[in-house]
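Presented below is the structure to which this report refers.
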Amino acid sequence: MLDKTWRPQEVEQRIYEAWEQAGYFRAGRVDGDPYCIVIPPPNVTGSLHMGHALNNTLQDVLVRWRRMKGQDALWQPGTDHAGIATQMVVERMLDREGTSRHDLGRESFVDRVWSWKAESGGTITNQLRRLGASCDWSRERFTMDDGLSAAVRKVFVELYKQGLIYRDKRLVNWDPKLLTAISDLEVEPTEQAGHMWHFRYPVEGEDGAFITVATTRPETMLGDTGIAVHPEDERYKALVGKFAVLPLVGRRIPIVADEYADPEQGSGAVKITPAHDFNDFEVGKRCGLEMINILDAHARLNENVPEAYRGLDRFKAREKVIADIDALGLLEKVDDITHTVPFGDRSGVVIEPWLTDQWYVDAATLAKPAIAAVEDGRVQFVPKNWENTYFEWMRNIQPWCVSRQLWWGHQIPAWYGPDGTIFVELTEAEAQAAAAAHYGAPTELRRDEDVLDTWFSSGLWPFSTLGWPEKTPELARYYPTDVLVTGFDIIFFWVARMMMFGLHFMDEIPFRTVYIHALVRDEKGQKMSKSKGNVIDPLELIEEFGADALRFTLSAMAAQGRDIKLSPQRVAGYRNFMTKIWNAARFCEMNGCVAVPGFDPASLKLPVNRWIAGAVAAAVSQVDRELAAFRFNEAAGAVYRFTWNTFCDWYLEFAKPLLLSNDESAAGETRATAAWVLHRILLMLHPFAPYVAEELWQRTGGDGSVMLQSWPETDFLDADADREFGFVIGLISEIRSLRSETNVPVKAEMAAHFPEADATHQGWIGTNWELISRLARLSGMETTMPKGQGAAEIVVDGLRVVLPLADVIDIDAERKRLAREVDKLDGEIARIEKKLSNESFVSRAPEHVVEQERERKEEATAARTKLGAALKRLSAA
RNA sequence: GGGCGCGUAGCUCAGUGGGAGAGCACUACGUUGACAUCGUAGGGGUCGCUGGUUCAAUCCCAGCCGCGCCCACCA
């Protein structure tokens with residue numbers, strides 16, 4: 001006997017363990033067409049947040065559904081080493097211990113990270129298990145596994161040898177806290193209040209003449225090597241070719257003409273600091289200006305500035321420069337402005353453009369086939385509008401800086417000879433062999449200390465996890481994968497890189513569909529992130545409401561195109577839904593409804609059973625269609641509505657009298673039907689709420705595990721039964737509404753008169769009288785007009801239904817109700833008549849629309865006549 | 001500056017070229033042997049504003065207002 005409520009906490013983990021041990025998540029169990037999703041690998045040392053919960057729920061829905069459809073589904077799991085993020089976590093731990101990675105040294109530090117990974121790496125995967133994620137854990141991968149690391153090296157070496165990876169000295173985004181380069185994508189431009197300082201630079205040889213420049217970063221003036229003006233700017237034409245004298249430094253700096261200078265901006269003259277500004281770097285190259293690096297790695301002023309400033313932090317230096325310029329009388333003015341300042345997304349400090357040697361990927365070349373694959377539809381984004389975002393970025397893609405000055409990650413397979421010659425090889429031995437060949441003798445080599453950007457290895461994920469570069473059977477069978485499910489925030493970081501690498505190395509797209517889901521935001525609409533500390537813990541929701549409730553909530557809210565703001569109340573609502581299903585099953589159990597082998601809806605006799613069998617078949621096929629189109633919310637909604645509003649609210653109520661009936665054939669048929677429909681519900685529920693589906697499946701006589709069942713497609717519909725129950729439900733609803741509106745006491749019973757019923761209506765009422773009378777609380781059925789004064793009247797499906805007052809109805813309320821109904825119908829009739837009398841409508845609207853309006857008018861008119869007469873009689877009484 | 005999206009019931013949000021929806025909240029009634037994590041009934045919206053296209057616009061188009069996000073740039 002089922003308990004009164006579903007207690008997920010007690011069974012979820014047991015069910016999950018049974019599934020996993022039985023091997024139900026494993027790929028290759030069936031011969032069907034392959035279906036593959038690779039998980040967006042979470043950070044190995046991370047923990048589950050709402051974004052993961054949504055992302056993995058949707059993947060699990062797809063995978064479980066496809067398995068039921070007979071496909072050989074592989075959901076490939078794994079985790080990401082998350083270079084910067086993980087290194088920072090461990091560094092913070094060391095800091096608390098009063099030590100640092102530099103104290104430990106590289107090797108010990110990396111060992112320490114590995115042991116932290118061993119310690120905490122299982123957290124996130126265990127949390128995914130709590131959620132119910134049916135990943136093939138036997139194939140779990142980690143981006144720093146031997147195999148995946150080999151793939152990384154091979155990709156690096158090949159790209160290098162193809163000229164698509166190169167070393168270059170240029171400005172990078174330098175993080176002065178983490179002491180590493182970062183990519184453009186890791187920089188967060190942030191709007192801030194700031195100042196624009198206007199400095200006067202004396203013009204050389206022209207006594208008392210100044211040229212005014214403006215800057216938001218006064219300290220950089222110590223590295224100025226020129227001043228640019230627009231070539232067409234009349235104000236400055238005479239100065240081009242002359243020199244200014246840089247205050248505080250004394251350096252002669254040329255005044256050059258360059259189109260970069262905007263006459264509309266500030267004074268029209270712009271100071272050029274080529275070593276510390278991306279635009280100035282370009283101007284400097286064009287105009288042959290000197291590049292003077294004035295900062296060290298910590299963004300302190302270095303030896304290239306006058307002694308007074310050396311060693312100062314950049315912000316201290318700023319204050320001093322301003323004060324000193326002011327003291328010289330060269331500070332023209334200071335404006336308050338708001339401007340955008342680049343911050344490191346991990347470190348939260350201001351990023352410096354800094355001149356260093358780094359490794360770059362020629363992304364523009366790799367992007368071309370990746371753009372084409374989306375253009376020609378081989379890869380489709382859902383929703384489609386994300387393709388614009390993808391194109392926009394890919395078509396303007398910049399060289400990708402892939403080297404990081406970190407210790408945790410894939411060390412770059414590059415070795416340097418004593419003279420700086422670079423040897424890029426898969427192994428040190430190969431590098432040494434190459435060096436020996438190059439130099440004619442064995443030579444001492446120094447390995448590049450840098451590691452690769454984390455996204456370099458994640459970019460290989462769809463094929464590296466399947467065994468590449470080995471030619472494995474899995475790679476042949478599951479690549480290209482089918483769907484990638486992810487948030488739009490990593491389209492650039494990850495999706496674009498997988499496209500580029502997949503097409504380059506596999507010569508084939510990595511996935512056919514990219515499903516972009518919403519972001520789960522906090523209540524202010526802010527993106528949730530660890531560093532902001534605004535994450536909501538899905539585990540708490542799971543503990544309170546169960547994984548199924550959370551999964552169902554996320555599925556139901558995953559409409560395309562809008563972000564999700566989650567409220568626990570909503571999850572509670574879907575927890576109630578789980579309880580509802582549980583109790584429907586409990587009802588079936590209590591009434592002996594057990595699944596009958598070989599049940600065939602076509603052999604059903606009772607219209608009520610034929611009706612519900614058709615309705616569940618329609619619901620199943622709708623869920624199927626919606627999932628095929630990635631409309632998770634519609635799919636979940638269809639399950640919800642059918643289960644609650646159709647099966648529980650109507651069918652089970654109809655079933656009650658039948659189950660208690662002496663007519664054993666009717667009772668038996670209804671028991672079998674209820675059990676059959678319940679099982680269909682559990683099956684279509686399974687992708688969304690697998691735990692409750694499994695528990696109920698097994699406890700209501702289901703065969704084996706719900707996970708092993710086929711998707712319950714049934715081609716059954718009895719249109720007559722459908723119409724019949726449309727009428728029955730309408731009749732009951734109308735009578736209930738009448739009772740309520742005319743203040744009929746709940747316990748009072750009334751007889752219903754159907755004086756004008758035709759054979760069809762009579763038949764429908766007759767066969768279903770028991771159901772109708774029970775749900776509408778009717779004491780009897782007559783085919784005559786009631787005797788006596790006054791009666792309430794309604795019209796259902798054109799049928800006049802008369803309910804004698806019998807002292808139970810509030811006559812005044814009934815008069816008002818009728819008057820309201822008549823008014824409403826008059827309004828509707830007028831609206832339709834206006835439409836139908838419009839010549840253009842009749843001639844131009846499709847025939848079926850016109851016909852529909854005519855039918856509506858007819859119906860409304862008939863009802864209006866009957867209710868009008870009823871009102872008249874009642875008023876006379 | 002370029003792009004994307006949003007504005008629908010008190011709240012959170014679905015949805016549609018042809019009779020405005022859900023959940024929660026609210027009101028009234030209700031423990032008939034599945035479920036009070038429930039049932040029945042009900043109130044509540046000029047579908048942001050203004051134009052246009054159309055026989056017909058909440059939906060398509062344009063402009064505007066308000067909000068959010070992404071990209072680029074800002075001496």
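So that the names make sense, note that chain A is the first sequence line, chain B the second, and so on, each numbered from 1.
In this structure, A:Phe492 reaches the sugar-phosphate backbone alone: every heavy-atom distance under 4.0 Å involves primed, P, OP1 or OP2 atoms, never a base. Among the protein residues, A:Glu839 comes within range of no part of the nucleic acid, since none of its heavy atoms lies under 4.0 Å from any strand. Residue-level contact check: A:Thr215 touches the backbone only, with heavy atoms under 4.0 Å from sugar-phosphate atoms and none from bases. Counting any heavy atom pair closer than 4.0 Å across all strands shown, A:Ser267 reaches no nucleic acid atom. As judged by a 4.0 angstrom heavy-atom cut-off over every strand, A:Arg739 is placed among residues making no nucleic acid contact. At the heavy-atom level, A:Asp280 lies nowhere under 4.0 Å from the strands shown. Backbone-only engagement by A:Met196 is indicated by non-hydrogen atom pairs under 4.0 Å involving sugar-phosphate atoms exclusively. No engagement by A:Pro745 is indicated, since no non-hydrogen atom pair under 4.0 Å with the nucleic acid exists.
In this structure, the CG atom of A:Leu519 is 14 Å from the C1' atom of B:C4, given to the nearest Å. Between the C1' atom of B:C70 and the CG atom of A:Leu185 lies a distance of 11 Å, rounded to the nearest Å. One can place CG of A:Asp489 at 15 Å from C1' of B:C4, the figure rounded to the nearest angstrom. Atom pair A:Tyr390:OH and B:C4:P shows a separation of 18 Å (rounding to whole Å applied). Atom-to-atom, NZ of A:Lys565 to P of B:G7 comes out at 12 Å; the value is rounded to the nearest Å. Computed from coordinates, the A:Ile735 CD1 to B:G42 P distance equals 14 Å when rounded to whole Å. In this structure, A:Phe632 places its CZ atom 16 Å from P of B:A14, rounding to the nearest Å. If you measure from atom CD1 of A:Ile564 to atom C1' of B:U12, you get 12 Å, rounded to the nearest angstrom.
The distance from atom CG of A:Leu678 to atom CD1 of A:Ile581, rounded to the nearest 0.5 Å, is 9.0 Å. Rounding to the nearest 0.5 Å places CD1 of A:Ile542 at 7.5 Å from OH of A:Tyr691. Atoms CD and CD, on A:Glu12 and A:Glu543 in that order, are 10.5 Å from each other to the nearest 0.5 Å.
Remark: the separation of the C1' atoms in B:A25 and B:G43 is 13 Å, to the nearest Å. Comparing the P positions of B:C24 and B:A57 gives an interatomic distance of 35 Å, to the nearest angstrom. Distance check on atom P: B:C60 versus B:C4 gives 15 Å, rounded to whole Å. As rounded to the nearest Å, B:G63 and B:C47 have P atoms that lie 22 Å from one another. Atom name P, nucleotides B:G48 and B:C6: the rounded distance is 12 Å, in whole Å. Here, B:C26 and B:G68 have their C1' atoms 30 Å apart, quoted to the whole Å. Spacing of P atoms, B:U8 relative to B:C59, comes out at 14 Å, to the nearest Å. Here the separation of B:G44 from B:A22, taken at their C1' atoms, is 15 Å to the nearest Å.
Between A:Asp277 and A:Asn633, the residue anchored closer to the 5' end of RNA chain B is A:Asn633, taking for each the nucleotide with the nearest heavy atom. Comparing A:Ala559 and A:Val849 against RNA chain B, the residue whose closest nucleotide sits nearer the 5' end is A:Ala559.
For a distance-only test at 3.5 Å, the side chain of A:Glu828 qualifies as a donor-acceptor partner of the base of B:G19. For B:U37, the base has a donor-acceptor partner in the side chain of A:Arg575 [N/O atoms by modelled type, under 3.5 angstrom].
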If pairs are Watson-Crick or G-U with both distances under 3.5 Å, what is the dot-bracket string of RNA chain B, marking crossing pairs with [ ] and pairs to another strand with |?
-> (((((((..((((....[..)))).(((((.......))))).....(((((..]....))))))))))))....
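Of the N and O atoms on the side chains of A:His230 and A:Asp258, not one donor lies less than 3.5 Å from an acceptor on the other residue.
Using a 4.0 Å cut-off between charged nitrogen and carboxylate oxygen, A:Glu855 and A:Lys857 do not count as a salt-bridge pair. Salt bridge A:Glu741/A:Arg817: absent, no basic N to carboxylate O contact under 4.0 Å. We find that A:Glu853 and A:Lys835 are joined by a salt bridge, their nearest charged nitrogen and carboxylate oxygen being less than 4.0 Å apart.
For A:Thr340 against A:Pro189, the heavy-atom pair with the smallest separation is CG2-CB, 3.3 Å. Nearest heavy-atom pair across A:Ser555 and A:Leu58 is CA-CD2, 4.4 Å.
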Once base and sugar-phosphate atoms are separated, protein heavy atoms under 4.0 Å mark nucleotides 22-34 of chain B, 5' to 3', with B, S and - as -SS----S--B-B
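Each of A:Ile612, A:Ile732, A:Asn645 was scored for a side-chain contact (heavy atoms from CB on, under 4.5 Å) with A:Trp650, with one residue passing: A:Ile732. Considering A:Glu695, A:Glu589, A:Arg586, A:His679 in turn, A:His679 is the only one that fulfils the side chain to side chain donor-acceptor pair (under 3.5 Å) rule with A:Thr700.
Under the 6.0 Å distance and 45° angle rule, A:Arg699 does not count as a cation-pi partner of A:Trp582.
With distances taken from any side-chain atom of A:Glu741 to the nucleotides B:G15, B:G19, B:G42, the minimum falls on B:G42.
Residue A:Ser737 has a polar side-chain atom (N or O) positioned under 4.0 Å from OP1 or OP2 of B:G42.
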